[in-house]
Amino acid sequence: MLSYFLFLALAAAVFGVGVYGLFTRRNMLRMLLSAEVMFNSALLTLIVMAATSEPLGGRVLALIAIGTAAAEIGVMISIGILFFRRTGEIDVYKLSERTRGGSQKSHA
């Protein structure tokens with residue numbers, strides 16, 4: 001039972017690192033990767049909980065979630081590349097200023 005607690009504590013620490021990275025980074029790709037770290041910590045929690053259950057349903061659900069995470073990271077990176085090709089920037093604050101500046105000019 002103690003080993004499960006250690007894995008859950010590790011998942012909480014990894015989730016904290018992901019939250020820190022999400023809120024302190026300005027680069028869109030780094031923010032997306034921080035969100036992926038948070039998702040992986042949730043997957044670690046799911047796998048630990050699946051290991052405590054007797055039927056194989058939890059383990060199958062964990063494998064499906066891992067496959068979904070692999071597809072998700074591909075989509076997130078391609079969205080980031082698309083933004084870079086369109087705007088030439090991946091700094092989120094500059095993108096939001098550009099969007100706000102464009103909407104204010106169109107209303108005036």
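Only a predicted model underlies this, so the values are computations on that prediction, with no experimental measurement involved.
Hydrophobic clustering of Ile, Leu, Val, Met, Phe, Trp and Tyr side chains at less than 4.5 Å, counting indirect connections, keeps Val14 apart from Leu43. Residue Phe7 is not grouped with residue Leu61 when hydrophobic side chains (ILVMFWY) are merged at heavy-atom distances under 4.5 angstrom, including chains of intermediate members. Criterion: ILVMFWY side-chain heavy atoms under 4.5 Å apart, direct or through other members. Under it, Leu10 and Tyr20 are not part of a common hydrophobic cluster. Following chains of ILVMFWY side-chain contacts shorter than 4.5 Å, one cannot reach Leu32 starting from Leu82, and the two form parts of different hydrophobic clusters. Met38 and Val75 fall within the same hydrophobic cluster, where Ile, Leu, Val, Met, Phe, Trp and Tyr residues are linked whenever their side-chain heavy atoms come under 4.5 Å apart, directly or through other members.
The two residues Ala65 and Phe39 have their closest heavy-atom pair at O-CE2, 4.0 Å. Summarising the geometry of Ser34 relative to Gly18, their closest heavy-atom pair is CB-O, 3.5 Å, with the distance given to 0.1 Å. Annotation for Ser41 and Ala11: closest pair CB-O, 3.3 Å, computed over non-hydrogen atoms. Residue Tyr4 comes nearest to Ala51 through the heavy atom pair OH-O, 3.8 Å, listed as atom of the first residue, atom of the second, then distance. Heavy atoms only, all atoms of each residue included: Leu29 and Gly80 are closest at CD2-CA, 4.1 Å. Of all the heavy atoms in Asp91 and Arg26, the pair that sits closest is OD2-NH2, 2.9 Å.
From Thr68, atom OG1 reaches atom CD1 of Ile73 across 13.5 Å, with rounding to the nearest 0.5 Å. One distance of note links CG of Leu63 with CD1 of Ile47; it measures 7.5 Å at 0.5 Å rounding.
Its side chain within the 4.5 Å cluster rule, Ile64 clusters with Val60 among the Ile, Leu, Val, Met, Phe, Trp and Tyr residues.
Counting only residues at least two apart or in different chains, salt bridge (Lys or Arg N to Asp or Glu O under 4.0 Å) contacts with residues 33-53 are absent. For the salt bridge (Lys or Arg N to Asp or Glu O under 4.0 Å) condition, no pair includes a residue of residues 78-90, sequence neighbours left out.
In this structure the side chain of Leu8 reaches within 4.5 angstrom of the side chain of Met49, judged on heavy atoms.
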